[in-house]
Amino acid sequence: MSATEIPAQITRLIQVTEGTMEVYDTVKDLRGLPEAFQEVNKCLLLVEPTLREAKTPAKKVKSTDDANMLETRLYNCEEKAENLLEIFQKIARKRTEEFVPSVYRSIAVKLGKHRVETLMGGILEDLLALVTHQEFQAVTQNRVGPLEKARQELAKVSPSLSESDLDEQPGTATQHGDGNRQFNNFGTGTQKNVDGNYFEAKGSQNFGMVPSKESMGRKDI
């Protein structure tokens with residue numbers, strides 16, 4: 001790998017970080033938004049300028065071993081940052097005045113059961129490994145203290161999702177509908193639902209048609 005790829009990786013990280021902060025501005029006033037989201041945004045405000053400072057020394061990396069190590073760290077960091085952005089975007093698309101925990105839980109489970117604070121903690125860890133590297137220390141040494149403090153503060157924040165929220169529930173299916181047909185199958189249980197309004201079931205369940213109000217009101221002739 002050429003060391004010239006490292007600045008490009010850092011540039012992409014800056015773009016993702018800025019995008020996440022922009023989306024946060026659209027959800028920060030949601031009622032019930034977990035404190036962890038605010039703490040994550042505080043961390044991003046440190047991450048963005050740190051990455052900008054790291055671009056210059058990144059161009060001077062000569063060792064292939066160093067370049068490979070830094071590339072791996074930056075790749076991992078970028079993956080976490082993109083997952084964080086995806087979570088924020090999904091919450092923002094809900095367009096409600098209240099935070100919807102089910103939307104957050106769904107995307108967090110899909111992305112590997114990672115809370116926003118867990119992803120942010122990993123980003124800070126990767127970034128600390130970058131700024132303390134010998135090729136970067138002269139420029140980014142003053143960033144180590146604030147980043148480490150941010151990581152410690154982030155570790156104190158209340159979990160944005162409980163462990164039970166993150167646990168999969170095999171055989172559990174939830175059905176919503178209003179005259180529409182939907183079929184869900186989660187885990188080992190199966191569900192067949194036809195023309196219903198709301199059903200929640202565990203294990204194997206079969207649901208038939210819910211009679212309409214009109215048919216309920218008619219007497220047999």
Side-chain angles (χ1 to χ4, degrees), residues 1 5-30 32-52 54-55 58 68-96 98-131 143 146-148 150-169 186-187:
M1 184 203 73
E5 293 181 38
I6 298 175
Q9 286 182 293
I10 293 175
T11 297
R12 289 196 298 271
L13 262 171
I14 292 172
Q15 292 171 344
V16 174
T17 299
E18 290 178 335
T20 306
M21 289 190 292
E22 287 177 6
V23 179
Y24 172 76
D25 283 340
T26 69
V27 303
K28 64 182 180 181
D29 295 325
L30 292 179
L33 186 72
E35 178 190 358
F37 282 78
Q38 180 181 0
E39 203 63 37
V40 164
N41 188 62
K42 290 179 182 178
C43 293
L44 291 173
L45 293 172
L46 290 173
V47 168
E48 191 267 344
T50 301
L51 287 169
R52 290 191 179 281
K55 286 183 70 173
N68 287 334
M69 184 275 290
L70 292 170
E71 180 199 35
T72 300
R73 276 290 187 177
L74 288 168
Y75 174 82
N76 292 335
C77 190
E78 189 173 355
E79 186 175 37
K80 297 181 188 83
E82 288 175 346
N83 286 344
L84 189 64
L85 174 59
E86 184 174 351
I87 290 174
F88 276 58
Q89 288 175 330
K90 286 290 176 66
I91 291 173
R93 286 175 191 152
K94 198 62 182 175
R95 298 185 182 278
T96 64
E98 293 187 15
F99 173 72
V100 183
S102 60
V103 173
Y104 175 35
R105 178 191 178 279
S106 176
I107 186 62
V109 170
K110 173 191 170 186
L111 296 175
K113 299 184 179 181
H114 295 307
R115 305 176 182 91
V116 292
E117 63 270 25
T118 304
L119 291 169
M120 190 70 247
I123 292 171
L124 292 175
E125 186 177 333
D126 291 331
L127 195 54
L128 278 165
L130 179 73
V131 299
R143 294 290 181 179
L147 288 172
E148 182 59 43
R151 191 169 69 89
Q152 293 172 3
E153 291 299 318
L154 186 66
K156 298 176 184 177
V157 74
S158 298
S160 55
L161 281 173
S162 67
E163 288 298 329
S164 60
D165 287 331
L166 288 175
D167 285 340
E168 298 275 7
Q169 299 181 22
F186 302 105

Begin with the C-alpha distance, continue with both residues' side-chain angles, and end with the deciding distance and a verdict on side chain to side chain contact (heavy atoms under 4.5 Å, CB included) for Leu130 and Arg73.
CA-CA 8 Å; Leu130 179 73; Arg73 276 290 187 177; 5.9 Å; no
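- Nearest heavy-atom pair across Leu166 and Ala108 is CD2-CB, 4.3 Å.
- Between the OG atom of Ser102 and the NZ atom of Lys94 there is a distance of 6.5 Å, given to the nearest 0.5 Å.
- Taking each heavy atom of Ile14 and Arg52 in turn, the nearest pair found is CG2-NH2, 3.5 Å.
- Between Ile87 and Leu119, the closest side-chain pair of non-hydrogen atoms falls below 4.5 Å.
- Contact check on Glu86 versus Lys110 returns a salt bridge, with a Lys/Arg side-chain nitrogen under 4.0 Å from an Asp/Glu carboxylate oxygen.
- A 4.5 Å side-chain heavy-atom check between Leu74 and Ile10 finds at least one atom pair inside the cut-off.
- Within the 6.0 Å centre-distance limit, the rings of Phe37 and Tyr104 are counted as a close aromatic pair.
- Taking CG of Leu70 as the reference point, atom CD1 of Ile6 lies at 4.5 Å (rounded to 0.5 Å).
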Under the side chain to side chain contact (heavy atoms under 4.5 Å, CB included) rule, what do Gln38 and Lys28 come out as? Steps first, then yes or no, please.
CA-CA 7 Å; Gln38 180 181 0; Lys28 64 182 180 181; over 6 Å; no
Evaluate the criterion side chain to side chain contact (heavy atoms under 4.5 Å, CB included) for residue pair Phe88 and Val40; output intermediate values, then yes/no.
CA-CA 11 Å; Phe88 276 58; Val40 164; 4.2 Å; yes
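- Summarising the geometry of Ile123 relative to Cys77, their closest heavy-atom pair is CG2-SG, 3.7 Å, with the distance given to 0.1 Å.
- Here the side chain of Arg115 pairs no donor or acceptor atom with the backbone of Ser160 at under 3.5 angstrom.
- To the nearest 0.5 Å, atoms CG (Asn41) and CE (Met120) are separated by 9.5 Å.
- Here OG1 of Thr118 is found 10.5 Å from CG of Leu84. Values are rounded to the nearest 0.5 Å.
- Shortest non-hydrogen contact noted between Leu33 and Val27 is CD2-O, 3.5 Å.
- Ser164 and Asp167 share no donor-acceptor pair across their side chains, judged by distance under 3.5 Å alone.
- Counting heavy atoms from C-beta on, the side chains of Leu127 and Leu51 come closer than 4.5 Å.
- Between Glu48 and Glu18, the closest side-chain pair of non-hydrogen atoms falls below 4.5 Å.
- One distance of note links CD of Glu79 with CG of Asp126; it measures 10.0 Å at 0.5 Å rounding.
- Residue Leu30 holds its CG atom at 8.0 Å from CZ of Phe99, rounded to the nearest 0.5 Å.
- Side-chain atoms of Ser106 do not come within 3.5 Å of backbone N or O of Val103 as any donor-acceptor pair.
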Take Val109 and Arg105, measure what side chain to side chain contact (heavy atoms under 4.5 Å, CB included) needs, and give me the verdict at the end.
CA-CA 6 Å; Val109 170; Arg105 178 191 178 279; 4.2 Å; yes
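- Minimum heavy-atom separation, Leu46 to Pro146: CD1-O, 3.7 Å.
- A distance-only check finds no donor-acceptor pair linking the side chain of Thr26 to the backbone of Glu22 [under 3.5 Å].
- Between Arg12 and Glu78 there is a salt bridge, since at least one side-chain N of the basic residue sits less than 4.0 Å from a carboxylate O of the acidic one.
- The minimum heavy-atom distance linking Gly121 with Leu154 is given by the pair N-CD2, 3.4 Å.
- A donor-acceptor contact shorter than 3.5 Å links the side chain of Asp165 to the backbone of Ser162.
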